[in-house]
Amino acid sequence: MNLNSALYTDLYQLAMGQSYFLKDKHEISATFDYFFRKNPFEGGYVLFCGLEEVLDSLEKISFSEDDIHYLEAQGFDSNYTNYLKTFKFTGHIQSMSEGEIVFPFSPILTVSGSIIECQIIETFILNSLNFQSLIATKASRIRYIAGRDKSLAEFGLRRAQGFAGLQASRSAYIGGFDYTSNVLAGKEFNIPVSGTMAHAFIQSYDDELTAFRDFAETRPVNCVLLVDTYDTLKKGVPNAIIVAKEMEARGEKLLGIRLDSGDLAYLSNAARKQLDQAGLDYVKIAASNQLDEHVIRSLKEQYAQIDIYGVGTNLVVGKANGALDGVYKLCSFNNTPRIKISENLKKMNFPGKKQVYRYMNQDGQYIADAITLDHLDTPKTMAHPFETHKRMPIEYASVKALLHDVMIDGKRVHTKKTTLELVKIAEENLSKLPVEHKRFANPHVYKVGLSPELEQLRDQLKKEKLDS
Ligand SMILES: Nc1ncnc2c1ncn2[C@@H]1O[C@H](COP(=O)(O)OP(=O)(O)OP(=O)(O)O)[C@@H](O)[C@H]1O
Ligand SMILES: O=P(O)(O)OC[C@H]1O[C@H](OP(=O)(O)OP(=O)(O)O)[C@H](O)[C@@H]1O
Ligand SMILES: O=C(O)c1cccnc1
């Protein structure tokens, strides 16, 4: 299967593409905005993730001979499929940086080019950015609550949605995790890998102590023993202590033990006591079992003595959301701003090609974002996007434009960032987001407003459409 195939799209994109082509509209220029309407997890922000994958794929996207035969079999016109044989993405993309903190309704990435190219790539862009941004956001919430002094290991591959497990591991790392258990993701994206052991290994022995011994002997570096197979406090931890002492005698050090069931707060405290009493205060305690940001917060409130959190399912499937609602909407056609009308102002899009400015205070902390038409300067006031009577002056110490050229004529124009660079960028950006937007319960809504000219254009186009 070739994931750079332009068939990785919805059928309706190709059907619209055929119509544009046969009606000779396909070369007309268009601009689409990628944005979302609601923060996931009832949180206050999204950590934007997935841009590098989008750019990598768009540079390579095409229809193979096989793909063309398949489309012919689906009844597509042969003149159209002939055109698709040389299809490439040759458009222009402006985007916020991967690792940027983003908010509802701001255009995060805009695609300009011939309408047919913009349309065919829509589904892939949404598929890629929605999922990766969701998981990076979830990971950043877990990091926020765990604190910088804890280690976070992502254990999700086995319960991820198929091959999305690869993207999930990369997104979790960018969002603040330290390790992944996913070996292919480790190799592909240069993410540190880590792992402990499974119950099966211990069950395959007649006794737990021999299992621990064999494991520690054969892989003494970063060895973590799983202590809950039979009885955590009466058997697992005492056996781990025996093996840790034997390792000491060989000049080695047991890295840790892992708890995977029961009351993790109680067990971690009791295990810590046993380890400390044995002079093993360096042996760390890892915990797993359906963890997420809420369970970790609760464990911290109970003074659980956990050094390493292993988080799988809830992270990689983006529980409780499962999806970010990002959309891709036409905002300009033939160099004319376009709007979609809805009774619900929130379902209307902002017309025209745009820029987003981020305002910061003297400490570099984010204050607000203003969306404006792309040829205009930094606005000094902004209107509430939907409550039209609300407007505010913007007081700030510094401002930056968030949308930058990342692809021109189908070629990447920004230097590809390594995963580690993206980790640092995301961490720095998250540190500039005031804490009131990060809290879990009723986070303060970050202000995103419209410049007066954009508000006026939206209202004027709405009136024209309703009057016509
Ligand atoms: N002290 C704690 N405070 C809050 N949540 C906890 C605590 N200890 C464990 N949990 C969480 O509670 C959930 C369920 O744990 P529970 O003890 O009911 O089942 P379990 O340990 O998986 O049982 P089993 O022995 O069948 O594996 C998990 O998400 C776990 O992370
Ligand atoms: O709970 P999650 O956050 O998804 O973390 C991953 C879980 O996957 C493993 O269990 P599993 O029962 O699959 O295998 P095991 O036999 O090694 O425990 C591991 O022990 C964790 O409990
Ligand atoms: O290494 C581990 O402990 C691990 C890996 C995957 C899933 N659960 C645990």
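Everything numeric here is computed off the predicted structure, so don't read it as measured data. Atoms within a ligand are numbered from 1 in the order they appear, just like the ligands themselves.
A donor atom on one side chain and an acceptor atom on the other are not found under 3.5 Å apart for N39 and Y446.
In terms of protein heavy-atom proximity, atom 1 (O) of ligand 3 is nearest to T196 N, 2.8 Å. Among protein heavy atoms, the minimum distance from atom 22 (O) of ligand 2 is reached at D260 OD1, 2.7 Å. In terms of protein heavy-atom proximity, atom 3 (O) of ligand 2 is nearest to G312 N, 2.8 Å. Protein heavy atom in closest approach to atom 6 (C) of ligand 3: R158 NH2, 3.6 Å. Looking only at protein heavy atoms, the nearest one to atom 9 (C) of ligand 3 is F155 CD1, 3.4 Å.
In the candidate list G310, A153, A198, S261, A198 is nearest to atom 17 (O) of ligand 2, counting heavy atoms. Nearest-heavy-atom check against atom 9 (C) of ligand 2 across R158, Q290, K319 picks out R158.
Distances from atom 25 (O) of ligand 1 to the protein include at least one heavy-atom value under 4.0 Å.
Within 6.0 Å of atom NZ in K400, more than 12 heavy atoms from other residues, nucleotides or ligands are found, so the atom counts as buried in its surroundings.
When heavy-atom distances to ligand 2 are checked against a 4.0 Å cut-off, E154 has no atom that comes that close, whether in backbone or side chain.
The atoms of ligand 1 that sit less than 4.0 Å from any heavy atom of S298 are 3 (N), 4 (C). For ligand 3, the atoms closer than 4.0 angstrom to any heavy atom of G195 are 1 (O).
Judged by the shortest distance from any of its heavy atoms, M197 lies outside the 4.0 Å radius around the atoms of ligand 2.
D369 has a carboxylate O that lies under 4.0 Å from a charged side-chain N of R358, or vice versa, which qualifies the two as a salt bridge.
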